[in-house]
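Worksheet for the structure shown next.
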Number of protein chains: 2
Amino acid sequence: MPDRQHPVVADLGRRVATGELAAGSQVVPEEVAAQHGVSRSVVREALRVLEAKGLVQPKQRVGTRVLPPERWDALDADVIGWRVQGPERLAVVSDLEELRAAVEPRAARLCCERADAADLAVLAELAAAMRQLGSRGDLAGFTASDVAFHARLLRASGNASFVRLEGTFAALLKAREDLGTLPHQISQEVLDLHVQVAEAIAARDADRAEQAARELVDGARSEVLTRLGEPPP
Amino acid sequence: MPDRQHPVVADLGRRVATGELAAGSQVVPEEVAAQHGVSRSVVREALRVLEAKGLVQPKQRVGTRVLPPERWDALDADVIGWRVQGPERLAVVSDLEELRAAVEPRAARLCCERADAADLAVLAELAAAMRQLGSRGDLAGFTASDVAFHARLLRASGNASFVRLEGTFAALLKAREDLGTLPHQISQEVLDLHVQVAEAIAARDADRAEQAARELVDGARSEVLTRLGEPPP
DNA sequence: CTCGTTTGAATAGTCAGACTATAGTGGCGA
DNA sequence: TCGCCACTATAGTCTGACTATTCAAACGAG
C-alpha cells in the first residue's frame, strides 16, 4: 500500500496474472519497451520485480517466460490484486479465506498472552466503530474499520509471520469490496462477533477468543463464497 | 530453490537481514557497485529485488534506505535464510513454527476432502521412508523426506495459499538443519505421528488428521524451541 | 545411420556515461 | 516570522555497444 508500482510493473503483472499472457509465453523486453515508450533498462527492472513475485523467469538464449500460476506468490498483495481482475477471482478469494480461517483464530489466541493495553483499547474501539458504521449502512467506513481490526489483531499477536499477512488479508478484503461481494447490510452476528473477539482478548480468555475468531472468519468465508457463487457467468 | 540469486542480491540481502545495515541507513548504489566491481545498473536491479522483499525503499533526493524489520517479507524464503544467519534466529524460527502450527492441521483436514490417490500414495511412502531413515539415524535423508512430506501435504490440500507456504516452510526446516537444532535421534513419537497423519487422510477422517497434524507440529515446535533456548550465548 | 562436435545465433546480462525528474534544505526577501 | 525560490543530492531514465550463455542446427567421424 505505501509504495506505488511502476506502470510497466503494473501492466505486465496484470497481464500475466489475469492469464492474458499464458504460462510459457515469452516476454520480449524490446517489445514491452516500445509499447510503453520506455527504455530496456526500465523493463529489465520491472522484470526483476515480477521475477521476485514468481510471475516470470528469465533464461539466457530462451528468453524471459511466464511461469505457471502455481509458481506465483499467492500471498503477495499485488499478485492478489491482479488475479482478482481475471477469471480466477473465486479461487483466489476462497483460498485466502481458508488461510485466514487457519490463521486468525490462532492469532486471537496468541493475543490473549501478548496484547498490551493499547492493543486492547484499539480493538475495542474498532469493534465499536464497526457496530456503529455497520448498522448505519456505511459500507466504506465499515470495511476500513474491518481491515484495521484484523490488522491490529495480527499485529497484537506479536508474531512477525502473522503480521506479514496483514497486507495479504488487506488485499483480500479490498478485493471483496471491489468485487461487490460485501453484503449491503452487515449482519448483526458479524458485528457481535467482532465485539466478542475483542472482549475475550481483553479478558485473556484464550479459548473464547479463538472460538469467536473461528466463528467470525468461518461465517465471513461462507458468506463470501455463496455470494461469489451466486452470479453465474 | 530453482532460481539462484545474483551475488549482489545475496550480499545486500544478508547484510540488511542480519542487521549489519541498520534500519534507516542509506544504501549508496555507487558504493555497492564499486565494492562488487559491477555497474550501477546491476545494483539497481538488485535493489528492485530487495525492494520487492520489503528490505529497502528508494526515495528521490533522500536515497535508498533500509526499512525496519516489520516491513520485511517474513515469509520469503530468501529473507528467512538471511535472517537466521543473524541474531534473530530464535524469533524467526519460533514465529514460523507458530504459523505452521496454525496452517498444517487445517491443511491436513482439507486433504481429507481433496487429496487424490497419488497424494495418498506419496504421503504413505514418505512417512514410511521417514520411519526407516529416522530410526537408522540418517539425518539428512530424514530431513529431505520431512520437507517432501509436508510439502506434499500442503499441495494435496488443493489450496494455492497453502501451497505458497511450501517454500516458506522448506526454508524453515532448512534453517533448523543448518542451525543444528534437529535432534540426533528422531523420536519414535514424531515418526508415528507422520504415519498417523498419512493414514488418517487416507481414511478420509478429517478430525483425526487434523488432530494428528496438530500434535505433530506442536511437538516439533516445542522441541525446536527448547533446543534453541538451551544454548545461552 | 548414429552419435559426438563444432559453429552459429538468439537472448539475457553487463557496462559506461550522460541526462532528467523529484524533493529536501537553506537562504533570501517581504 | 513566514513564504517563496534557488540549490543540490539522489533516484530514475536513456542510449548503444559489448559479453556471456545456451539452444539448435549443421557437420563430420565412426
Side-chain angles (χ1 to χ4, degrees), chain A residues 1-17 20-68 71-73 78, chain B residues 1-17 20-68 71-73 78:
Chain A
M1 221 114 116
D3 29 329
R4 249 184 325 309
Q5 292 282 180
H6 193 292
V8 177
V9 174
D11 180 60
L12 281 179
R14 188 192 46 76
R15 292 207 288 169
V16 170
E20 185 185 325
L21 295 173
S25 62
Q26 187 177 353
V27 180
V28 182
E30 286 77 4
E31 287 177 8
V32 177
Q35 283 165 16
H36 287 80
V38 297
S39 71
R40 203 164 71 99
S41 36
V42 171
V43 176
R44 280 188 56 84
E45 291 187 15
L47 289 174
R48 285 297 85 69
V49 175
L50 298 183
E51 186 187 356
K53 295 181 189 300
L55 296 184
V56 301
Q57 188 169 44
K59 204 170 163 207
Q60 284 200 191
R61 158 79 205 197
V62 323
T64 298
R65 312 208 93 102
V66 175
L67 290 171
R71 298 286 301 274
W72 303 348
D73 184 349
D78 294 320
Chain B
M1 245 166 275
D3 29 326
R4 249 185 321 313
Q5 293 282 180
H6 193 291
V8 178
V9 174
D11 180 60
L12 281 179
R14 188 191 48 75
R15 293 204 297 176
V16 170
E20 185 184 326
L21 294 174
S25 62
Q26 187 177 352
V27 179
V28 182
E30 286 78 5
E31 288 177 9
V32 177
Q35 282 165 17
H36 287 82
V38 297
S39 71
R40 204 164 70 99
S41 34
V42 171
V43 176
R44 280 188 56 82
E45 292 188 15
L47 288 174
R48 285 298 85 69
V49 174
L50 297 183
E51 187 187 356
K53 296 182 190 297
L55 297 184
V56 301
Q57 188 168 46
K59 204 170 165 207
Q60 283 202 174
R61 159 81 203 195
V62 321
T64 299
R65 312 208 92 101
V66 175
L67 290 171
R71 299 286 301 275
W72 304 348
D73 184 349
D78 293 321

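Order of the sequence lines fixes the chain letters, A, B, ..., with proteins taken first and strands second; residue numbering starts at 1 for each chain. All of these numbers come straight from a predicted model, not from anything done at the bench.
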> In Å, rounded to the nearest 0.5 Å, how long is the span from CD of Gln5(B) to CG of Asp11(B)?
Replying inline: 12.0 Å
> How long is the line joining CD of Glu31(A) and C1' of dA12(C), in whole Å?
Replying inline: 15 Å
>> Please tell me if Gln26(A) has a side-chain N or O lying less than 4.0 Å from either OP1 or OP2 of dA10(C).
In response: no
> How is Glu30(B) classified with respect to the nucleic acid when contacts are heavy atoms under 4.0 Å: base, sugar-phosphate, or nothing?
Replying inline: nothing
>> Under 4.0 Å, counting only non-hydrogen atoms across every strand here, what does Arg65(A) touch: a base, just sugar-phosphate, or nothing?
In response: nothing
>> Please evaluate residues Leu55(A) and Val66(A) with respect to the criterion side-chain contact (heavy atoms from CB on, under 4.5 Å), reporting the C-alpha separation (whole Å), side-chain torsions for both, the decisive distance (0.1 Å), and the verdict.
In response: CA-CA 6 Å; Leu55(A) 296 184; Val66(A) 175; over 6 Å; no
>> Among residues at least two apart in sequence or on other chains, which ones pass salt bridge (charged side-chain N to carboxylate O under 4.0 Å, His left out) with Glu45(B)?
In response: Arg44(A), Arg48(A)
> Taking the side chain of Arg40(B) as heavy atoms from C-beta outward, which of dG12(D), dG13(C), dA11(D) is closest to it?
Replying inline: dG12(D)
> Arg44(A) or Arg61(A): which one's nearest nucleotide on DNA chain C is closer to the 5' end?
Replying inline: Arg61(A)
> Separation of Glu45(B) atom CD from dT14(C) atom P, in whole Å?
Replying inline: 7 Å
> Which heavy atom of Leu47(A) sits nearest a heavy atom of Pro29(A), and at what distance?
Replying inline: CD1-CG, 4.3 Å
> Among dT14(C), dG13(C), dA11(D), which is the nearest nucleotide to the side chain of Val42(B)?
Replying inline: dT14(C)
>> If I take atom CZ in residue Arg4(B) and atom P in nucleotide dG13(C), what distance separates them, rounded to the nearest angstrom?
In response: 14 Å
> For His6(B) and dG13(C), is the shortest distance between a side-chain N/O and OP1 or OP2 below 4.0 Å?
Replying inline: no
> Which nucleotide in the set dG13(C), dC23(D), dT15(D) lies at the smallest distance from any side-chain heavy atom of Lys59(A)?
Replying inline: dC23(D)
> Rounded to the nearest 0.5 Å, how far does CZ of Arg65(A) lie from CG of Leu21(A)?
Replying inline: 12.0 Å
> Base, sugar-phosphate alone, or nothing: which one does Glu51(B) contact when heavy atoms must sit under 4.0 Å apart?
Replying inline: nothing
> Does the side chain of Gln60(B) get closer than 4.0 angstrom to OP1 or OP2 of dT20(C) through an N or O atom?
Replying inline: no
>> Taking any heavy-atom pair under 4.0 Å as a contact, classify Val38(B): base, sugar-phosphate, or nothing.
In response: sugar-phosphate
> Quick one: which of dG12(D), dT14(C), dA11(D) gets closest to the side chain of Thr64(B)?
Replying inline: dA11(D)
